[in-house]
Amino acid sequence: MSAIIHGAGAATALTTFHSKKLVARSRTNLPGRSKRCIVASGSDDGSKSFGSSSSLSLRHSHKLIPNNAVATKVDTSATTGHELLLFEALQEGLEEEMDRDPHVCVMGEDVGHYGGSYKVTKGLADKFGDLRVLDTPICENAFTGMGIGAAMTGLRPVIEGMNMGFLLLAFNQISNNCGMLHYTSGGQFTIPVVIRGPGGVGRQLGAEHSQRLESYFQSIPGIQMVACSTPYNAKGLMKAAIRSENPVILFEHVLLYNLKEKIPDEEYICNLEEAEMVRPGEHITILTYSRMRYHVMQAAKILVNKGYDPEVIDIRSLKPFDLYTIGNSVKKTHRVLIVEECMRTGGIGASLTAAINENFHDYLDAPVMCLSSQDVPTPYAGTLEEWTVVQPAQIVTAVEQLCQ
Amino acid sequence: MALSRLSLRSNRLLNPSTTTAALPSSLRRHVSTDTTPITIETAVPFESHLCDAPSRSVETSSSEILSFFRDMARMRRMEIAADSLYKSKLIRGFCHLYDGQEALAVGMEAAITRKDAIITSYRDHCTFLGRGGELVDAFSELMGRKRGCSNGKGGSMHFYKKDACFYGGHGIVGAQIPLGCGLAFAQKYSKEEFVTFTLYGDGAANQGQLFEALNIAALWDLPAILVCENNHYGMGTATWRSAKSPAYFKRGDYVPGLKVDGMDALAVKQACKFAKEHALKNGPIVLEMDTYRYHGHSMSDPGSTYRTRDEVSGVRQVRDPIERVRKLLLSHDIATEKELKDMEKEVRKEVDDAVAQAKESPVPEPSELFTNMYVKDCGVESFGADRKELKVTLA
């Protein structure tokens with residue numbers, strides 16, 4: 001493969017304020033990954049909040065140094081790369097893969113002529129034609145099944161659910177056929193589909209359009225689940241998911257589509273099973289994914305001002321969990337806080353709590369705390385909706401509680 | 001007269017001591033390799049919807065009809081053997097038997113190539129055999145042995161044969177229909193001139209996903225042939241109690257349909273040939289095969305609570321597909337009673353041998369529990385805590 005595979009340490013990991021070069025972490029002992037390159041990339045950091053391009057200045061430290069948490073503009077002019085929004089990054093990744101492999105096709109509602117309801121597939125129908133970018137009627141069960149059937153023969157469909165919640169109608173196909181066919185056929189068939197779509201709580205979209213399906217799908221054997229959170233990892237994960245021989249469900253978030261970031265010009269993919277170190281720290285490990293990453297980083301700013309040094313990891317891979325990165329972090333900090341947007345009952349956080357307790361119990365100084373959304377249908381009223389998801393203030397309180 | 005019936009055929013059929021080498025060649029019927037065309041009329045006319053029915057005269061040959069007999073006898077014996085294996089608890093779980101419906105499997109195979117795809121539901125043992133599956137692989141899979149076609153991990157409802165384009169073997173009623181349309185889509189995408197036969201039952205004909213998939217198939221002109229195997233009972237419910245409109249071939253509405261006598265292998269062959277030509281030119285078509293199953297829905301169903309024994313034995317007497325072909329062979333002088341009986345004995349022995357072989361074959365290793373979960377991907381392994389123990393191997 002000519003693409004540059006980035007380990008967890010490169011690019012999006014941490015940015016020391018002064019250096020433009022990013023140092024790879026010591027993951028070199030992973031077998032089979034001979035091609036590892038480091039790409040200089042300026043302003044990639046995890047702290048992009050909506051609209052502002054602030055970057056945290058970070059430093060490894062053993063004592064509590066009041067870090068400068070005030071936004072400082074990084075000089076981006078000297079670095080290569082191009083700036084784009086998250087949905088454009090997804091589109092770029094998709095387009096590159098469709099150029100590279102004629103077996104890749106896209107199917108979903110309004111993906112073709114309309115350009116995609118979130119513009120992820122804009123322009124693709126004009127470029128690749130109606131046979132490769134297919135506008136389906138509104139029948140999730142059938143077109144998901146069709147994608148899986150096509151994948152059995154070797155095609156690589158990217159199935160878009162206009163909203164993740166709609167994929168509940170296709171649950172049987174995803175669970176029984178997508179997840180299980182490789183196993184029940186004794187390895188004869190592979191199902192290289194990518195099922196993607198936006199989910200999560202948006203801006204007053206109502207209960208049925210604010211669903212988080214990670215928790216429902218996480219038990220399905222045979223699939224992989226990833227959640228993207230920045231333009232960089234969105235493009236990388238999209239490409240990796242398409243190239244993967246396994247069925248991958250790529251969770252996007254409705255509110256993150258307009259995030260802007262500079263990403264490298266050259267080709268790269270992100271490892272599907274790896275977590276991303278957003279901000280290294282010493283006091284507490286905060287595990288998060290998707291939109292909650294930004295709430296956590298907002299809380300981190302406040303925490304740093306108060307003298308805490310949180311380590312923030314975007315777990316990215318929801319199935320399987322990257323227990324290696326998480327484990328190393330737990331061994332360092334001995335405290336874990338999970339911040340997620342899933343429901344409290346049976347969510348990703350619940351599984352992650354169980355996994356951490358099972359594997360790293362001896363390293364924990366305090367019980368694993370999990371902040372999740374409330375077990376309620378998402379209400380329409382804005383104020384109520386705000387209270388269903390975890391807010392930065394709650395994260396700060398939780399960290400203070402855990403660290404005392 | 002009797003002497004003229006005995007002629008040189010394959011060595012297996014004949015006791016060498018009675019080879020009538022003295023017969024002039026004009027009277028010898030080399031039946032197993034004889035491909036001179038014979039035309040036979042189907043007993044029941046086709047009923048069509050939105051298309052012109054194919055002709056009732058079917059082109060076939062004596063070797064083909066003989067192969068029908070042999071294949072159907074093999075399928076019938078396999079299902080009966082499976083029945084007794086289930087009762088002796090060597091086959092567990094669900095076991096759905098196809099006896100009575102064999103004509104569909106052989107007729108379809110006669111009309112298509114191994115590059116055309118077939119996908120069916122859980123009643124897949126005979127379809128697997130028709131696609132070239134081995135008896136030993138089938139029995140091994142049923143008994144959960146490593147030698148099975150899905151390595152013992154699928155079971156009765158999950159037979160697959162990728163090299164023969166047989167896509168299984170699906171447990172959930174109707175879920176294979178969108179998959180089948182996906183197969184047809186892939187065939188259209190790759191611009192090969194092959195079609196997909198998606199089989200489903202009269203029970204599945206009421207699933208929404210059938211109509212969703214039909215809509216897409218018709219909209220995108222996919223070479224999909226949807227075959228409704230109407231055996232008149234959806235599990236325990238008769239068709240008149242579950243479908244407002246039991247004319248399944250018409251339920252495609254805007255999609256043309258054809259109703260076929262599914263117990264007549266030649267009619268099935270004709271219909272499938274017609275359907276393949278139609279699908280390649282005009283898009284999807286629905287075939288309704290009027291057939292019957294002698295066993296209950298599965299081995300846990302005696303099959304007599306919702307239908308009378310007289311009904312079952314009546315169909316067996318009047319419409320049995322193997323008897324039909326036997327009568328055809330006898331009336332056209334293609335084979336004698338004795339030869340056919342010998343053929344059945346051979347088939348029986350073949351099946352018994354396969355069962356014995358399968359009984360001997362080993363069960364899968366315990367490590368097989370975790371194989372084929374994921375495909376080996378970029379050589380990446382995800383290690384667990386401390387890198388001391390592999391928690392997940394993506395291999």
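In the text below, chain A, chain B and the rest are named by the order of the sequence lines, each starting its count at 1.
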**Student:** Against chain B, work out which of A:P102, A:G222, A:G147 has the most heavy-atom pairs shorter than 4.5 Å and name it.
**Tutor:**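 Most heavy-atom pairs within the cutoff with chain B belong to A:G222.
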
**Student:** What residue in B:A217, B:C181, B:A213 has the most heavy-atom pairs under 4.5 Å with chain A?
**Tutor:**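 Going by pairs under 4.5 Å, I would pick B:C181.
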
**Student:** If you measure from CG on B:N372 to OG on A:S185, what distance do you get to the nearest 0.5 Å?
**Tutor:** 7.0 Å

**Student:** For B:L214, is it the side chain, the backbone, both or neither that has a heavy atom under 4.5 Å from a heavy atom of chain A?
**Tutor:** neither

**Student:** Can a donor-acceptor pair be found, under 3.5 Å and without considering hydrogens, that links the side chain of B:Y160 to the backbone of A:Q188?
**Tutor:** no

**Student:** Go through A:I223, A:I148, A:I191 and name the one with the most non-hydrogen pairs under 4.5 angstrom from chain B.
**Tutor:** A:I223

**Student:** Quick one, A:E273 with B:Y374, criterion side chain to side chain contact (heavy atoms under 4.5 Å, CB included). Give me CA distance, side-chain angles, the key distance, then yes/no.
**Tutor:** CA-CA 13 Å; A:E273 297 89 26; B:Y374 294 107; over 6 Å; no

**Student:** Of all heavy-atom pairs between A:Q173 and B:Q209, which one has the smallest distance, and what is that distance?
**Tutor:** NE2-OE1, 3.1 Å

**Student:** Just verifying a value: how many Å separate B:K153 NZ and A:Y183 OH, rounded to the nearest 0.5 Å?
**Tutor:** 4.5 Å

**Student:** If you count heavy-atom pairs under 4.5 Å with chain A, which of B:E141, B:H158, B:K162 comes out on top?
**Tutor:**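 Option with the greatest count: B:K162.
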
**Student:** Mind listing the closest non-hydrogen atom pair of A:G149 and B:L183 along with its distance?
**Tutor:** O-CD2, 3.3 Å

**Student:** Can you tell which part of B:K191 gets under 4.5 Å to a heavy atom of chain A, answering side chain, backbone, both or neither?
**Tutor:**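 Interface part for B:K191: side chain.
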
**Student:** Got a donor-acceptor contact below 3.5 angstrom from the A:N246 side chain to the B:V375 backbone?
**Tutor:**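 Checking the backbone N and O of B:V375 against the side chain of A:N246, a donor-acceptor pair under 3.5 Å is found.
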
**Student:** Just to verify, what does B:R123 make a salt bridge (Lys or Arg N to Asp or Glu O under 4.0 Å) with, not counting sequence neighbours?
**Tutor:** none

**Student:** Counting heavy-atom pairs closer than 4.5 Å to chain B, which one of A:G187, A:P157, A:P221 comes out on top?
**Tutor:**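 Between A:G187, A:P157, A:P221, the count favours A:G187.
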
**Student:** Just do the side chain to side chain contact (heavy atoms under 4.5 Å, CB included) check on A:C139 and B:I216 with the steps written out, would you?
**Tutor:** CA-CA 9 Å; A:C139 46; B:I216 299 189; 3.6 Å; yes

**Student:** Quick check on A:P192 against chain B: is it the side chain, the backbone, both or neither that has a heavy atom closer than 4.5 Å?
**Tutor:**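 Neither part; nothing is under 4.5 Å.
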
**Student:** Tell me whether A:K127 at atom NZ has more than 12 heavy atoms from other residues, nucleotides or ligands lying less than 6.0 Å away.
**Tutor:**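 More than 12 heavy atoms, drawn from other residues, nucleotides or ligands, come within 6.0 Å of this atom.
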
**Student:** Kindly give the heavy-atom pair with the smallest separation between A:P137 and B:L219, and that separation in Å.
**Tutor:** CG-CD2, 4.1 Å

**Student:** Would you say B:F211 has more than 12 foreign heavy atoms packed within less than 6.0 Å of its CZ?
**Tutor:**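 Atom CZ in B:F211 is packed in, count exceeds 12.
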
**Student:** At a 4.5 Å cut-off on heavy atoms, which part of A:N177 comes close to chain B: side chain, backbone, both, or neither?
**Tutor:** side chain

**Student:** Examine whether an atom of B:Q176 lies under 4.5 Å from a heavy atom of chain A, and if so say whether it belongs to the side chain, the backbone or both; otherwise answer neither.
**Tutor:** neither

**Student:** Within the side chain of B:S150, is there an N or O that forms a donor-acceptor pair under 3.5 Å with the backbone of A:T184?
**Tutor:** yes

**Student:** Checking A:I326 against chain B: side chain, backbone, both or neither under 4.5 Å from a heavy atom?
**Tutor:**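 It is neither, since no heavy atom gets under 4.5 Å.
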
**Student:** Would you please test B:W220 and A:D135 for side chain to side chain contact (heavy atoms under 4.5 Å, CB included) and show each step?
**Tutor:** CA-CA 10 Å; B:W220 293 350; A:D135 279 323; 5.8 Å; no

**Student:** A quick test of your reading: do over 12 heavy atoms of other residues, nucleotides or ligands sit less than 6.0 Å from CD of B:Q207?
**Tutor:**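 Counting other residues, nucleotides and ligands, CD of B:Q207 exceeds 12 neighbours.
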
**Student:** Picking from A:T144, A:N172, A:V330, which has the most non-hydrogen pairs under 4.5 angstrom with chain B?
**Tutor:** A:N172

**Student:** Please classify the contact of A:M180 with chain B as side chain, backbone, both or neither, using a heavy-atom distance under 4.5 Å.
**Tutor:** neither

**Student:** Checking B:L222 against chain A: side chain, backbone, both or neither under 4.5 Å from a heavy atom?
**Tutor:** side chain

**Student:** Which atom names give the shortest non-hydrogen contact between A:C105 and B:F185, and what distance separates them?
**Tutor:**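 It is SG-CE2, 4.2 Å.
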
**Student:** Give me the atom names and distance for the closest heavy-atom approach of B:L179 to A:G145.
**Tutor:** CD2-O, 3.2 Å

**Student:** Looking at every non-hydrogen atom in both residues, tell me the closest pair between A:L155 and B:Y189 and how far apart they are.
**Tutor:** CD2-CD2, 3.4 Å

**Student:** Report the C-alpha distance between B:Y167 and A:T153 in whole Å, list the side-chain angles of each, state the deciding distance to 0.1 Å, and finish with yes or no for side chain to side chain contact (heavy atoms under 4.5 Å, CB included).
**Tutor:** CA-CA 9 Å; B:Y167 290 89; A:T153 67; 3.4 Å; yes

